[in-house]
Amino acid sequence: MDKTYNPHELEQRWYHRWEESGCFRPTGQGEPYCILLPPPNVTGTLHMGHAFQHTLMDALIRYQRMRGRDTLWQVGVDHAGIATEMVVTRQIEAEGGKREDYSRDDFIDRVWQWKHESGSTITRQMRRLGASADWSRERFTMDPDLSEAVTETFVRLHEEGLIYRGPRLVNWDPVLQTAISDLEVVNSDEQGKLWSIRYPRTDGRGDVVVATTRPETLLGDVCIAVHPEDARYRELVGQTVELPLTGRRIPVIADDYVDPEFGTGCVKITPAHDFNDWEVGARHDFQPINIFTPTATINEQAPGRYRGLDRFEARERIIADLKAEGLLIEEKPHAMVVPRGDRSGQIIEPYLTDQWFVKMDELGELGLELVESGQVEFVPGNWINTYRHWMENLKDWCISRQLWWGHRIPAWYDEQGNIHVGRSEDEVRARQALDADVVLRQDEDVLETWFSSALWAHSTLGWPDPKRMASEGFERYLPTSVLITGFDIIFFWVARMIMMTGHFTGKVPFEQVYITGLIRDSHGQKMSKSRGNVLDPIDLIDGIELEHLVDKRTSAMMQPHLAKRIEKATREEFPDGIPAFGADALRITFTALAGHGRDIKFDLARCAGYRNFLNKLWNAARFTLMNVGDEALPVPAEAELDTLSRWILSRLNRTIVEVEQALSDYRFDLATRALYEFVWNDFCDWYLELSKPALQEAAASADPATARATRHTLARVLETTLRLLHPFVPFITEEIWQRIRVPAGVVGESISQTPWPEAGDPDRQAEADAEWLKEVISAIRSARTELNLAPGKPMPLLIEEGSPSDLARMERFGGLIRSLARLEHIEPADNRHDPATCATALAGELRLLIPLAGLVDVAEELARLSKQLEREEKGLEIVAKKLANERFVANAPAEVVARERSRQGEHQAAIADLTGRIRRLQQVGQAANPP
RNA sequence: GGGCGAUUAGCUCAGUUGGUUAGAGCGCUGUCUUGACAUGGCAGAGGUCACUAGUUCAAAUCUAGUAUCGCCCACCA
């Protein structure tokens with residue numbers, strides 16, 4: 001083995017072997033365990049959030065697979081309608097072509113071609129991370145069978161009256177020219193303006209002043225509204241005003257939607273271009289006046305001079321005209337909320353179109369019930385509040401998109417405009433008994449991507465085809481065990497899956513939903529291209545040169561002026577680029593950070609720390625292999641095990657239990673920490689060091705039984721630890737395991753197919769012995785350092801006082817203490833030793849004296865002892881205060897009181913000892929330096 | 001406006017049903033190249049657990065309030 005752990009080569013090698021061996025497929029044996037991968041966009045590349053979540057999923061999958069569960073990780077990607085069209089359109093434009101030159105079929109062909117060439121980037125990257133998914137079952141939302149599920153769902157919902165089509169005000173993206181759902185609109189706080197406009201009264205008795213942030217929409221105003229209780233305007237209701245620039249007259253109405261406190265208390269009502277106004281208009285029976293074309297230019301409903309202007313030009317023109325007519329009273333800055341499309345970033349228009357909707361009342365109730373009844377459980381539990389709030393305020397779901405890439409809506413129109421919904425045109429004709437000469441035209445729209453991903457749980461398991469359901473394991477794997485995802489798609493996906501799977505299968509899609517935190521940069525900032533703080537997980541695995549990183553972060557910027565700042569920050573933060581940490585180090589960093597908080601700050605220093613940890617593990621393995629040879633070791637009987645071997649096995653058993661508990665609570669951080677501490681603090685820092693004396697040639701021939709037990713324990717503990725670590729760091733554990741399995745006497749092809757270790761009982765006696773031993777060694781080392789004694793130089797140790805058990809332990813472990821604390825010999829103190837020539841350390845009641853060559857530096861030793869005394873006195877004070885409290889003694893549990901009492905005794909003894917020692921030293925000091 | 005969350009060492013965070021003198025990693029200080037590992041060993045320094053009041057024998061932990069910060073949802077033109 002190399003001296004230093006080097007992840008790159010071994011990671012590549014092992015993934016291929018695993019995948020080829022088929023060990024990621026479900027075995028069909030054991031209790032099923034299934035995780036659905038939230039299908040990433042086909043256009044996507046692996047970002048930190050994916051890498052994080054995939055690591056958690058893979059850790060669970062590998063863990064459960066080792067525990068003998070029949071494990072299925074269902075992976076796949078979704079077709080991402082808008083995103084994919086944008087990517088392909090950009091590609092066409094980059095080649096000098098134009099999207100408009102493509103027919104629908106040609107464009108779709110082109111998208112498929114793109115998908116075949118570039119659509120598997122993210123799944124390749126998942127393999128780099130070590131994701132142990134069953135790739136033979138990978139699915140795409142546009143696969144024929146998943147498309148069939150989409151059609152079936154649409155038709156059935158339509159038959160049940162849960163899907164309808166109609167003219168509604170929807171969120172319209174005038175650039176992409178499609179409707180989008182409420183969820184795809186992001187409300188952004190922006191600085192806008194508020195204009196106050198004068199509407200002259202037609203009776204000549206003055207004006208009505210309204211405030212608006214969108215003056216261009218006045219072309220579509222149908223009335224002015226005031227609050228019914230607003231005394232100022234009571235006489236105005238029922239009157240008419242002149243709508244500026246149009247020559248139209250509109251009435252003033254009363255509606256309690258109006259907030260009398262805001263602005264002038266008068267509101268212009270534009271039902272076709274504002275969701276609230278739509279409601280108001282409907283209440284008062286106004287016909288909405290749509291003034292926009294689909295690209296948000298002014299249409300023929302408006303006076304001629306504005307027609308053809310886009311919405312922003314129209315605003316300028318209207319402001320100018322109002323000013324010219326003296327109707328503009330005021331223009332002031334105004335903080336407002338602007339709706340923007342999450343994909344295009346464009347300002348969204350409320351726009352009147354015909355769209356398809358899913359009725360949400362019934363489905364929403366079902367979705368709520370499935371969670372409230374506990375059939376689906378959120379982890380952490382608070383997320384139920386978020387879910388509940390949304391489910392209780394559902395609006396109908398606009399599912400049609402004016403795109404080409406996606407599942408085309410299975411609805412056909414005849415020439416009379418009748419709508420026929422069916423699984424195919426043939427089915428529609430047959431069912432409606434339509435003659436062959438009746439012309440049918442299929443709806444041009446497609447369904448939004450989330451409609452198909454909502455079916456992911458049951459459609460990937462074969463629904464609705466009974467034959468496929470049987471072969472894919474529909475009954476076996478549904479409900480799946482747990483869904484792991486971020487809170488950002490609770491509404492988009494989680495809720496819709498619960499409703500759809502619940503509605504169509506009567507089952508829940510998953511029993512638990514583990515909501516992960518969001519990965520941020522080390523300062524807590526969201527990672528984004530425009531902030532220039534994005535880390536690419538692949539760069540953390542492979543490393544990246546500074547120049548390349550700078551290029552990556554500053555190229556193709558939406559706002560090029562930020563590039564300079566980003567470059568500077570990047571050069572400061574990563575002066576040497578990013579080193580190659582390897583996939584395992586990245587993975588275990590993620591699991592270590594995966595607490596139950598909402599944000600996860602990703603710090604490269606943590607990643608480096610875990611890379612170092614893996615290097616430590618690597619070297620512990622080197623040491624072990626060096627000592628155990630490469631043949632199967634004889635297995636010692638329990639009775640032959642030495643105390644320290646029993647101790648490390650006991651600690652190992654406790655670690656197994658801790659990891660299991662942590663994983664069942666989705667506390668990946670605690671699981672990781674338990675393993676880190678065991679490997680580093682127990683196994684490396686103590687057991688390996690304590691094993692060295694026993695393995696030395698002379699010692700081994702003097703006590704072959706202990707040497708044998710030690711060798712076997714080294715191999716056994718290392719091998720078991722590798723299995724515990726394997727779900728988190730699959731590559732390095734496989735690499736080492738292949739070398740240790742023979743000496744450890746374990747059979748198997750791959751660590752990924754070995755069973756998860758079973759925890760035995762802890763050995764309290766061995767633990768107590770080891771703790772004592774560690775305390776004594778640490779006390780000596782500490783004294784040594786504090787007195788500036790040469791660390792390597794052997795020295796004698798004298799012992800005083802001590803309980804019989806101290807003395808017995810000293811007898812048993814003296815050799816180890818000598819070796820680890822670098823002592824010459826240990827012997828009982830006697831009167832020959834002048835305290836002035838010794839330093840003292842305390843371990844429990846045991847007093848450890850270190851004779852010094854010359855006189856001890858009295859001042860220094862006094863300072864040291866006083867510090868210890870102070871500490872003990874403080875401890876005693878706290879304990880004594882408690883015990884002096886009668887109510888504590890009366891009320892606290894007996895064991896707590898007893899513990900305090902024994903502590904009190906310990907402190908008192910230590911204080912007596914230290915005080916005596918200090919007094920003697922002071923006398924010596926005075927004798928040496930008379931005043 | 002409604003909801004959720006956070007506040008513990010210089011930084012990033014643990015701290016499970018209240019019970020030692022509140023822990024870890026990184027960073028910092030000192031020291032050591034000893035045949036696993038300098039991506040390391042050993043030994044250290046460092047905290048008024050945001051604040052206030054309460055409950056309790058006992059509070060980082062429970063309750064109420066205050067402050068600061070963050071996120072999600074929502075129709076104030």
Side-chain angles (χ1 to χ4, degrees), chain A residues 1 3-5 187 194 210-214 225 257-259 261-270 274-280 334 336-337 380 382-383 385-386 388-390 393 487-488 490-491 518 522-524 579 585 592-593 595 597-606 608-627 661-662 665 667 669-670 673 676-677 681 684-685 688-689 692 778 781-786 788 790-792 822 871-872 874-879 882 885-893 895-897 899-900 903 906-907:
Chain A
M1 282 174 86
K3 187 169 164 186
T4 306
Y5 156 62
N187 290 314
L194 187 67
V210 301
T212 180
T213 54
R214 300 208 53 194
Y257 155 69
V258 180
D259 175 3
E261 307 293 317
F262 187 90
T264 56
C266 301
V267 190
K268 64 193 259 330
I269 300 295
T270 321
D274 183 285
F275 289 100
N276 294 312
D277 292 6
W278 173 268
E279 304 281 329
V280 176
H334 182 69
M336 55 188 287
V337 178
N382 315 40
W383 288 108
N385 295 314
T386 305
R388 187 182 288 140
H389 181 258
W390 191 66
N393 295 283
F487 67 84
D488 48 335
I490 289 180
F491 307 140
L518 191 76
S522 58
H523 311 290
L593 293 171
R598 305 200 149 201
D599 294 324
I600 288 154
K601 290 176 199 155
F602 189 90
D603 190 345
L604 236 48
R606 291 293 296 268
Y610 284 100
R611 187 261 329 261
N612 296 353
F613 169 67
L614 296 180
N615 186 58
K616 188 80 179 174
L617 176 68
W618 181 262
N619 277 289
R622 283 207 319 142
F623 172 84
T624 302
L625 290 166
M626 210 175 279
N627 281 288
Q661 180 61 49
D665 296 337
R667 287 300 304 265
D669 56 334
L670 299 184
R673 197 169 51 153
Y676 184 100
E677 286 175 357
N681 303 344
C684 292
D685 285 350
L688 289 192
E689 293 305 322
K692 285 175 184 174
S778 296
R781 284 171 172 171
S782 181
R784 193 171 199 150
T785 306
E786 283 172 19
N788 294 318
R822 295 189 181 280
R871 212 179 287 166
E872 294 292 341
K874 199 174 143 202
L876 179 63
E877 192 187 336
I878 290 165
V879 173
K882 278 190 194 175
N885 184 342
E886 279 169 35
R887 287 183 301 175
F888 169 73
V889 179
N891 293 323
E895 66 203 53
V896 173
V897 178
R899 200 165 55 217
E900 294 298 329
R903 253 175 231 150
E906 283 164 25
H907 286 307

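First the proteins, then the strands, lettered A, B, ... as listed; each starts at 1. Remember, it's a predicted structure, so these values are computed and weren't measured experimentally.
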Quick one, give me the B/S/- string for nucleotides 11-24 of chain B, reading 5' to 3', where B means a protein heavy atom under 4.0 Å from the base and S means that only happens at the primed atoms, P, OP1 or OP2.
-SSBS---BBB---
Partners meeting side-chain contact (heavy atoms from CB on, under 4.5 Å) with A:Glu877 (sequence neighbours left out):
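If we apply the side-chain contact (heavy atoms from CB on, under 4.5 Å) test to A:Glu877, skipping adjacent residues, there are no hits.
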In terms of the nearest nucleotide of RNA chain B, which residue is placed more toward the 5' end: A:Lys692 or A:Ala605?
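Looking at RNA chain B, the more 5' nearest nucleotide goes with A:Ala605.
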Most 5' of A:Trp383 and A:Thr264 on RNA chain B, judged by nearest nucleotide:
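It is A:Trp383 whose nearest nucleotide is closer to the 5' end.
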Spacing of [X] atom [atom1] relative to [N] atom [atom2], expressed in whole Å:
{"X": "A:Asp488", "N": "B:C71", "atom1": "CG", "atom2": "P", "answer": "14 Å"}
{"X": "A:Asn619", "N": "B:G35", "atom1": "CG", "atom2": "C1'", "answer": "12 Å"}
{"X": "A:Leu614", "N": "B:G25", "atom1": "CG", "atom2": "C1'", "answer": "14 Å"}
{"X": "A:Arg784", "N": "B:U34", "atom1": "CZ", "atom2": "C1'", "answer": "12 Å"}

Going by an N to O cut-off under 4.0 Å, is there a salt bridge joining A:Arg903 and A:Glu900?
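Counted as a salt bridge, because a side-chain N and a carboxylate O are separated by less than 4.0 Å.
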What stem regions, each of at least 3 consecutive Watson-Crick or G-U pairs below 3.5 Å, can be found for RNA chain B?
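The stems that RNA chain B takes part in, listed by first number, are B:1-7 with B:67-73, B:10-13 with B:23-26, B:28-32 with B:40-44, B:50-54 with B:62-66.
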Holding to salt bridge (Lys or Arg N to Asp or Glu O under 4.0 Å), I want the full list of residues that pass it with A:Lys874, two or more places apart in sequence or in another chain.
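Testing A:Lys874 for salt bridge (Lys or Arg N to Asp or Glu O under 4.0 Å), a comparison that skips the adjacent residues, returns none.
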Taking only N/O atoms, report every protein-nucleotides 74-76 of chain B pair under 3.5 Å with atom names and distance.
from  : atom 1 : to       : atom 2 : distance (Å)
B:C75 : O4'    : A:Asn276 : OD1    : 3.4
B:C75 : O4'    : A:Asn276 : ND2    : 3.3
B:C75 : O2'    : A:Asn276 : ND2    : 2.9
B:C75 : N1     : A:Asn276 : OD1    : 3.2
B:C75 : O2     : A:Asn276 : OD1    : 3.3
B:C76 : O2     : A:Asp259 : OD2    : 2.9
B:C76 : N3     : A:Asp259 : OD2    : 2.8

Enumerate the protein-to-nucleotides 38-42 of chain B contacts in which both atoms are nitrogen or oxygen and the separation is below 3.5 Å.
from  : atom 1 : to       : atom 2 : distance (Å)
B:A38 : OP1    : A:Lys3   : NZ     : 3.3
B:U39 : O4'    : A:Asn612 : OD1    : 3.1
B:U39 : O2'    : A:Asn615 : ND2    : 2.8
B:U39 : O2     : A:Arg611 : NE     : 3.3
B:U39 : O2     : A:Asn612 : OD1    : 3.3
B:G40 : OP1    : A:Asn612 : ND2    : 3.0
B:G40 : O3'    : A:Lys616 : NZ     : 3.0
B:G41 : OP1    : A:Lys616 : NZ     : 3.0
B:G41 : OP1    : A:Trp680 : NE1    : 2.5

Which of parallel (below 30°), tilted (30 to 60°) and perpendicular (above 60°) describes A:Trp383 and A:Phe487?
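It falls in the parallel class, under 30°.
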Which nucleotide in the set B:A77, B:A36, B:C72 lies at the smallest distance from any side-chain heavy atom of A:Val258?
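It is B:A77.
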Inter-nucleotide C1' distance (B:G3, B:A45), Å rounded
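Roughly 44 Å separates the two C1' atoms.
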